[in-house]
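See below for the structure under consideration.
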Number of protein chains: 2
Amino acid sequence: MDSSFAIVAEPNRRAILSLLATSEHSVGELETQLQMPQPSVSKHLRVLREAGFVESRVEAQRRVYRIRPEPLKEVDAWLAPFRRFWNDHLDALERHLDRMGQTPTEGKNR
Amino acid sequence: MDSSFAIVAEPNRRAILSLLATSEHSVGELETQLQMPQPSVSKHLRVLREAGFVESRVEAQRRVYRIRPEPLKEVDAWLAPFRRFWNDHLDALERHLDRMGQTPTEGKNR
DNA sequence: CGGGCATATAACCGTCAAGGAATATAACGA
DNA sequence: TCGTTATATTCCTTGACGGTTATATGCCCG
(Lines give C-alpha, C1' and ligand atoms only; values in the text may rest on other atoms or scores of the structure.)
Protein backbone atom coordinates (compact mmCIF):
# COMPACT_ATOMS: atom_id res chain seq x y z
CA MET A 1 0.00 0.00 0.00
CA ASP A 2 2.31 2.64 -1.29
CA SER A 3 1.60 6.31 -0.88
CA SER A 4 -0.85 8.13 -3.06
CA PHE A 5 2.04 10.09 -4.47
CA ALA A 6 3.52 7.04 -6.14
CA ILE A 7 0.22 6.38 -7.86
CA VAL A 8 -0.02 9.88 -9.23
CA ALA A 9 3.61 9.87 -10.31
CA GLU A 10 2.71 7.87 -13.41
CA PRO A 11 1.94 10.22 -16.33
CA ASN A 12 -0.67 7.98 -17.92
CA ARG A 13 -2.49 7.67 -14.64
CA ARG A 14 -2.51 11.42 -14.26
CA ALA A 15 -3.92 11.65 -17.77
CA ILE A 16 -6.67 9.23 -16.84
CA LEU A 17 -7.46 11.14 -13.69
CA SER A 18 -7.57 14.41 -15.59
CA LEU A 19 -10.06 12.99 -18.03
CA LEU A 20 -12.18 11.68 -15.20
CA ALA A 21 -12.02 15.03 -13.47
CA THR A 22 -14.40 16.39 -16.07
CA SER A 23 -16.80 13.49 -16.27
CA GLU A 24 -16.92 9.75 -15.93
CA HIS A 25 -15.69 7.60 -18.80
CA SER A 26 -15.69 4.00 -19.92
CA VAL A 27 -12.46 2.11 -20.48
CA GLY A 28 -12.90 2.31 -24.23
CA GLU A 29 -13.37 6.05 -24.12
CA LEU A 30 -10.19 6.45 -22.13
CA GLU A 31 -8.44 4.12 -24.53
CA THR A 32 -9.24 6.22 -27.58
CA GLN A 33 -8.84 9.59 -25.90
CA LEU A 34 -5.40 8.70 -24.66
CA GLN A 35 -4.39 6.63 -27.66
CA MET A 36 -3.02 3.97 -25.41
CA PRO A 37 -3.39 0.20 -25.63
CA GLN A 38 -6.37 -1.20 -23.81
CA PRO A 39 -4.45 -3.50 -21.48
CA SER A 40 -2.45 -0.52 -20.34
CA VAL A 41 -5.58 1.42 -19.56
CA SER A 42 -7.03 -1.50 -17.65
CA LYS A 43 -3.86 -2.02 -15.71
CA HIS A 44 -3.61 1.61 -14.71
CA LEU A 45 -7.25 1.66 -13.79
CA ARG A 46 -6.69 -1.32 -11.59
CA VAL A 47 -3.90 0.48 -9.77
CA LEU A 48 -6.03 3.58 -9.41
CA ARG A 49 -9.00 1.57 -8.22
CA GLU A 50 -7.06 -0.39 -5.62
CA ALA A 51 -5.53 2.83 -4.36
CA GLY A 52 -8.98 4.38 -4.07
CA PHE A 53 -8.57 7.05 -6.72
CA VAL A 54 -11.42 5.77 -8.86
CA GLU A 55 -14.39 3.49 -8.67
CA SER A 56 -16.29 1.75 -11.41
CA ARG A 57 -19.90 1.19 -12.22
CA VAL A 58 -20.96 -1.67 -14.47
CA GLU A 59 -23.10 -0.66 -17.40
CA ALA A 60 -23.85 -3.58 -19.71
CA GLN A 61 -20.47 -4.79 -20.98
CA ARG A 62 -18.86 -1.48 -20.14
CA ARG A 63 -17.26 -0.34 -16.94
CA VAL A 64 -17.67 3.31 -16.33
CA TYR A 65 -15.07 4.87 -14.08
CA ARG A 66 -15.32 7.96 -11.95
CA ILE A 67 -13.15 9.82 -9.50
CA ARG A 68 -13.02 9.13 -5.80
CA PRO A 69 -11.66 12.22 -4.07
CA GLU A 70 -10.06 10.91 -0.90
CA PRO A 71 -6.53 10.05 -2.04
CA LEU A 72 -6.09 13.22 -4.02
CA LYS A 73 -7.35 15.06 -1.01
CA GLU A 74 -4.46 13.59 0.94
CA VAL A 75 -2.02 14.84 -1.62
CA ASP A 76 -3.61 18.22 -1.42
CA ALA A 77 -3.33 18.14 2.34
CA TRP A 78 0.36 17.35 2.18
CA LEU A 79 0.90 20.48 0.16
CA ALA A 80 -0.65 22.68 2.82
CA PRO A 81 2.57 23.60 4.65
CA PHE A 82 4.11 24.75 1.39
CA ARG A 83 1.32 26.94 0.17
CA ARG A 84 2.57 29.89 2.09
CA PHE A 85 5.52 29.97 -0.28
CA TRP A 86 3.31 31.16 -3.08
CA ASN A 87 -0.31 31.64 -1.99
CA ASP A 88 0.37 33.89 0.88
CA HIS A 89 -1.63 37.01 0.72
CA LEU A 90 0.76 39.84 0.72
CA ASP A 91 -0.71 41.42 3.80
CA ALA A 92 -0.17 38.29 5.90
CA LEU A 93 3.44 38.24 4.80
CA GLU A 94 3.72 41.87 5.64
CA ARG A 95 2.21 41.39 9.06
CA HIS A 96 4.75 38.70 9.67
CA LEU A 97 7.63 40.84 8.54
CA ASP A 98 6.33 43.69 10.63
CA ARG A 99 6.22 41.49 13.66
CA MET A 100 9.80 40.46 12.96
CA GLY A 101 10.83 44.06 13.29
CA GLN A 102 11.92 44.55 9.73
CA THR A 103 11.22 48.08 8.71
CA PRO A 104 11.26 47.60 4.99
CA THR A 105 13.02 50.92 4.38
CA GLU A 106 10.86 51.97 1.49
CA GLY A 107 9.70 50.33 -1.70
CA LYS A 108 6.36 49.67 -0.12
CA ASN A 109 4.14 52.38 -1.34
CA ARG A 110 0.48 52.39 -0.94
CA MET B 1 13.59 15.61 -16.78
CA ASP B 2 10.61 13.76 -15.43
CA SER B 3 7.63 15.42 -13.92
CA SER B 4 7.65 16.99 -10.50
CA PHE B 5 5.31 14.24 -9.34
CA ALA B 6 7.94 11.58 -9.76
CA ILE B 7 10.29 13.59 -7.57
CA VAL B 8 7.78 13.95 -4.79
CA ALA B 9 6.79 10.30 -5.01
CA GLU B 10 9.86 9.34 -2.98
CA PRO B 11 9.04 9.23 0.75
CA ASN B 12 12.46 10.39 1.91
CA ARG B 13 12.35 13.32 -0.45
CA ARG B 14 8.96 14.27 0.91
CA ALA B 15 10.41 14.06 4.38
CA ILE B 16 13.24 16.37 3.38
CA LEU B 17 10.85 18.83 1.83
CA SER B 18 8.66 18.77 4.91
CA LEU B 19 11.61 19.60 7.10
CA LEU B 20 12.60 22.43 4.80
CA ALA B 21 9.06 23.74 4.77
CA THR B 22 9.60 24.99 8.29
CA SER B 23 13.07 26.42 7.91
CA GLU B 24 16.27 25.89 6.01
CA HIS B 25 18.63 23.15 7.10
CA SER B 26 22.12 21.90 6.42
CA VAL B 27 22.77 18.44 5.08
CA GLY B 28 23.98 17.25 8.46
CA GLU B 29 20.86 18.48 10.16
CA LEU B 30 18.70 16.63 7.69
CA GLU B 31 20.86 13.57 8.13
CA THR B 32 20.32 13.38 11.87
CA GLN B 33 16.69 14.47 11.84
CA LEU B 34 15.80 11.80 9.34
CA GLN B 35 18.22 9.21 10.65
CA MET B 36 19.29 8.40 7.14
CA PRO B 37 22.79 7.83 5.76
CA GLN B 38 24.51 10.94 4.51
CA PRO B 39 25.01 9.75 0.92
CA SER B 40 21.31 9.12 0.68
CA VAL B 41 20.52 12.60 1.85
CA SER B 42 22.97 14.08 -0.62
CA LYS B 43 21.59 12.04 -3.48
CA HIS B 44 18.04 13.01 -2.75
CA LEU B 45 19.08 16.61 -2.37
CA ARG B 46 20.74 16.42 -5.73
CA VAL B 47 17.55 15.17 -7.32
CA LEU B 48 15.54 17.83 -5.58
CA ARG B 49 18.00 20.52 -6.55
CA GLU B 50 18.14 19.53 -10.21
CA ALA B 51 14.37 19.43 -10.31
CA GLY B 52 14.21 22.89 -8.80
CA PHE B 53 12.58 21.95 -5.52
CA VAL B 54 15.44 23.26 -3.40
CA GLU B 55 18.43 25.48 -3.66
CA SER B 56 21.57 25.62 -1.54
CA ARG B 57 23.62 28.32 0.00
CA VAL B 58 27.24 27.69 0.96
CA GLU B 59 28.07 28.55 4.54
CA ALA B 60 31.64 27.60 5.43
CA GLN B 61 31.86 23.84 4.96
CA ARG B 62 28.10 23.45 5.17
CA ARG B 63 25.51 23.66 2.50
CA VAL B 64 22.27 25.06 3.72
CA TYR B 65 19.23 24.04 1.73
CA ARG B 66 15.96 25.83 1.37
CA ILE B 67 12.72 25.38 -0.53
CA ARG B 68 12.11 26.71 -3.98
CA PRO B 69 8.37 26.93 -4.49
CA GLU B 70 7.91 26.60 -8.26
CA PRO B 71 7.73 22.83 -8.75
CA LEU B 72 5.44 22.26 -5.82
CA LYS B 73 3.35 25.06 -7.15
CA GLU B 74 2.95 23.08 -10.34
CA VAL B 75 1.78 20.08 -8.40
CA ASP B 76 -0.64 22.29 -6.58
CA ALA B 77 -1.88 23.65 -9.88
CA TRP B 78 -2.48 20.17 -11.27
CA LEU B 79 -4.75 19.46 -8.36
CA ALA B 80 -6.94 22.43 -9.11
CA PRO B 81 -9.49 20.63 -11.30
CA PHE B 82 -10.03 18.08 -8.55
CA ARG B 83 -10.51 20.44 -5.66
CA ARG B 84 -14.16 20.85 -6.36
CA PHE B 85 -14.55 17.21 -5.33
CA TRP B 86 -13.90 18.09 -1.73
CA ASN B 87 -13.42 21.83 -1.16
CA ASP B 88 -16.63 22.86 -2.74
CA HIS B 89 -19.63 23.92 -0.82
CA LEU B 90 -22.00 21.03 -0.42
CA ASP B 91 -24.47 22.22 -2.98
CA ALA B 92 -21.77 22.37 -5.60
CA LEU B 93 -20.87 18.80 -4.79
CA GLU B 94 -24.46 17.81 -5.24
CA ARG B 95 -24.62 19.53 -8.57
CA HIS B 96 -21.53 17.61 -9.52
CA LEU B 97 -22.99 14.28 -8.52
CA ASP B 98 -26.08 15.13 -10.49
CA ARG B 99 -23.95 15.77 -13.51
CA MET B 100 -22.03 12.54 -12.96
CA GLY B 101 -25.20 10.50 -13.13
CA GLN B 102 -27.40 9.16 -10.43
CA THR B 103 -25.83 6.64 -8.14
CA PRO B 104 -28.48 6.29 -5.51
CA THR B 105 -26.13 4.87 -2.91
CA GLU B 106 -26.95 6.02 0.55
CA GLY B 107 -24.77 8.16 2.78
CA LYS B 108 -25.30 11.53 1.24
CA ASN B 109 -23.80 13.51 4.03
CA ARG B 110 -20.29 13.91 5.23
C1' DC C 1 50.84 22.48 4.92
C1' DG C 2 48.30 18.84 7.01
C1' DG C 3 44.42 16.88 9.32
C1' DG C 4 39.63 16.62 10.11
C1' DC C 5 34.97 17.73 9.24
C1' DA C 6 31.07 18.31 5.87
C1' DT C 7 29.29 17.10 1.63
C1' DA C 8 29.37 15.13 -2.92
C1' DT C 9 30.19 11.48 -6.23
C1' DA C 10 31.10 6.70 -7.94
C1' DA C 11 30.25 1.92 -8.51
C1' DC C 12 27.60 -1.96 -7.64
C1' DC C 13 23.46 -4.45 -6.61
C1' DG C 14 18.68 -5.78 -5.91
C1' DT C 15 14.05 -4.64 -6.56
C1' DC C 16 10.06 -3.21 -8.58
C1' DA C 17 6.98 -1.46 -11.81
C1' DA C 18 5.70 -0.30 -16.62
C1' DG C 19 5.17 -1.87 -21.40
C1' DG C 20 3.90 -5.31 -24.86
C1' DA C 21 1.78 -9.46 -26.62
C1' DA C 22 -1.17 -12.97 -25.98
C1' DT C 23 -4.97 -14.83 -23.71
C1' DA C 24 -8.87 -15.16 -20.47
C1' DT C 25 -13.35 -13.62 -18.73
C1' DA C 26 -17.78 -11.64 -19.11
C1' DA C 27 -21.91 -9.91 -21.15
C1' DC C 28 -24.61 -8.80 -24.93
C1' DG C 29 -27.26 -9.92 -29.46
C1' DA C 30 -28.94 -13.08 -32.95
C1' DT D 1 -25.71 -21.72 -28.51
C1' DC D 2 -22.16 -18.90 -31.11
C1' DG D 3 -19.89 -14.88 -32.25
C1' DT D 4 -18.68 -10.34 -31.03
C1' DT D 5 -17.62 -6.63 -28.15
C1' DA D 6 -15.57 -4.84 -23.86
C1' DT D 7 -12.53 -5.36 -20.29
C1' DA D 8 -9.38 -7.84 -17.33
C1' DT D 9 -5.39 -10.75 -16.44
C1' DT D 10 -1.01 -13.24 -17.13
C1' DC D 11 3.76 -13.70 -18.52
C1' DC D 12 7.93 -11.82 -19.80
C1' DT D 13 11.43 -8.48 -20.41
C1' DT D 14 13.67 -4.33 -19.45
C1' DG D 15 15.00 -0.08 -17.48
C1' DA D 16 15.12 3.05 -13.72
C1' DC D 17 15.68 4.00 -9.02
C1' DG D 18 17.11 3.66 -4.18
C1' DG D 19 20.27 1.68 -0.75
C1' DT D 20 24.93 0.71 0.60
C1' DT D 21 29.90 1.06 0.70
C1' DA D 22 33.82 3.30 -0.54
C1' DT D 23 36.13 7.22 -2.15
C1' DA D 24 36.65 12.04 -3.73
C1' DT D 25 36.28 17.03 -3.15
C1' DG D 26 36.34 21.14 -0.58
C1' DC D 27 36.91 24.10 3.33
C1' DC D 28 38.44 25.40 7.79
C1' DC D 29 41.94 25.74 11.47
C1' DG D 30 46.05 24.58 14.07
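All values below come from the heavy atoms of this structure, side chains included, with hydrogens, waters and symmetry mates left out. Per chain, numbering begins at 1; letters A, B, ... match sequence-line order. Bear in mind the structure is a predicted one, so any value in this text is a computation, not a measurement.
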Which donor-acceptor pairs under 3.5 Å do the side chains of residues 29-36 of chain A make with protein atoms, sequence neighbours left out?
| from | atom 1 | to | atom 2 | distance (Å) |
| --- | --- | --- | --- | --- |
| Glu29(A) | OE1 | His25(A) | ND1 | 3.0 |
| Glu29(A) | OE1 | Ser26(A) | N | 2.9 |
| Thr32(A) | OG1 | Gly28(A) | O | 3.4 |
| Thr32(A) | OG1 | Glu29(A) | O | 3.1 |

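Residues meeting the side-chain hydrogen bond (donor to acceptor under 3.5 Å, both in side chains) test with Gln61(A), sequence neighbours left out: none. With sequence neighbours excluded, no residue satisfies side-chain hydrogen bond (donor to acceptor under 3.5 Å, both in side chains) with Glu74(A).
For residues 36-53 of chain A, the salt bridge (Lys or Arg N to Asp or Glu O under 4.0 Å) pairs, not counting sequence neighbours, are Arg46(A)-Glu50(A). Legend: salt bridge (Lys or Arg N to Asp or Glu O under 4.0 Å) pairs involving residues 60-70 of chain B, not counting sequence neighbours, sorted by first then second residue: Glu24(B)-Arg66(B), Glu55(B)-Arg66(B), Arg68(B)-Glu70(B).
Counting only heavy atoms from C-beta on, Ser42(B) has its side chain closest to dA8(C) among dA8(D), dA8(C), dC27(D). Of the candidates dT7(C), dA8(D), dA6(D), the closest approach to any side-chain atom of Arg63(A) belongs to dA8(D). Nearest nucleotide to the Arg46(B) side chain, out of dG18(D), dA10(C), dA8(D): dA10(C). When distances are taken from the side chain of His44(A) to each of dA18(C), dA6(C), dA8(C), the shortest belongs to dA18(C). The nucleotide whose nearest atom lies closest to any side-chain atom of Glu10(B) is, among dA8(C), dG18(D), dC27(D), dG18(D). Side-chain proximity of Ala60(B) to the nucleotides dC28(D), dA27(C), dT7(D) is greatest for dC28(D).
Position along DNA chain C of the nearest nucleotide to Val47(A) versus Gln61(A) favours Val47(A) as the more 5'-ward residue.
Contact annotation: Tyr65(A) side-chain N/O to dA8(D) OP1/OP2 distance is under 4.0 Å. Regarding contacts with the backbone of dA18(C), a side-chain N or O of Arg13(A) is found under 4.0 angstrom from either OP1 or OP2.
Note: CD (Glu31(B)) to C1' (dC5(C)) measures 12 Å, nearest angstrom. When the C1' atom of dT9(D) is taken as reference, atom CD of Glu50(A) falls 12 Å away, rounded to whole Å. The interatomic distance linking Ile16(B) (CD1) with dT7(C) (C1') rounds to 13 Å, in whole Å.
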I'd like a table of atom pairs between the protein and nucleotides 20-25 of chain C - only N or O on both sides, under 3.5 Å - with the distance next to each one.
| from | atom 1 | to | atom 2 | distance (Å) |
| --- | --- | --- | --- | --- |
| dG20(C) | O6 | Lys43(A) | NZ | 2.5 |

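Geometrically, Arg13(B) does not engage Phe53(B) in a cation-pi contact, judged by NZ or CZ lying under 6.0 Å from the ring centre and within 45° of the ring axis.
With contacts defined as side-chain heavy-atom distances shorter than 4.5 Å, the pair Trp86(B)/Asp76(A) qualifies.
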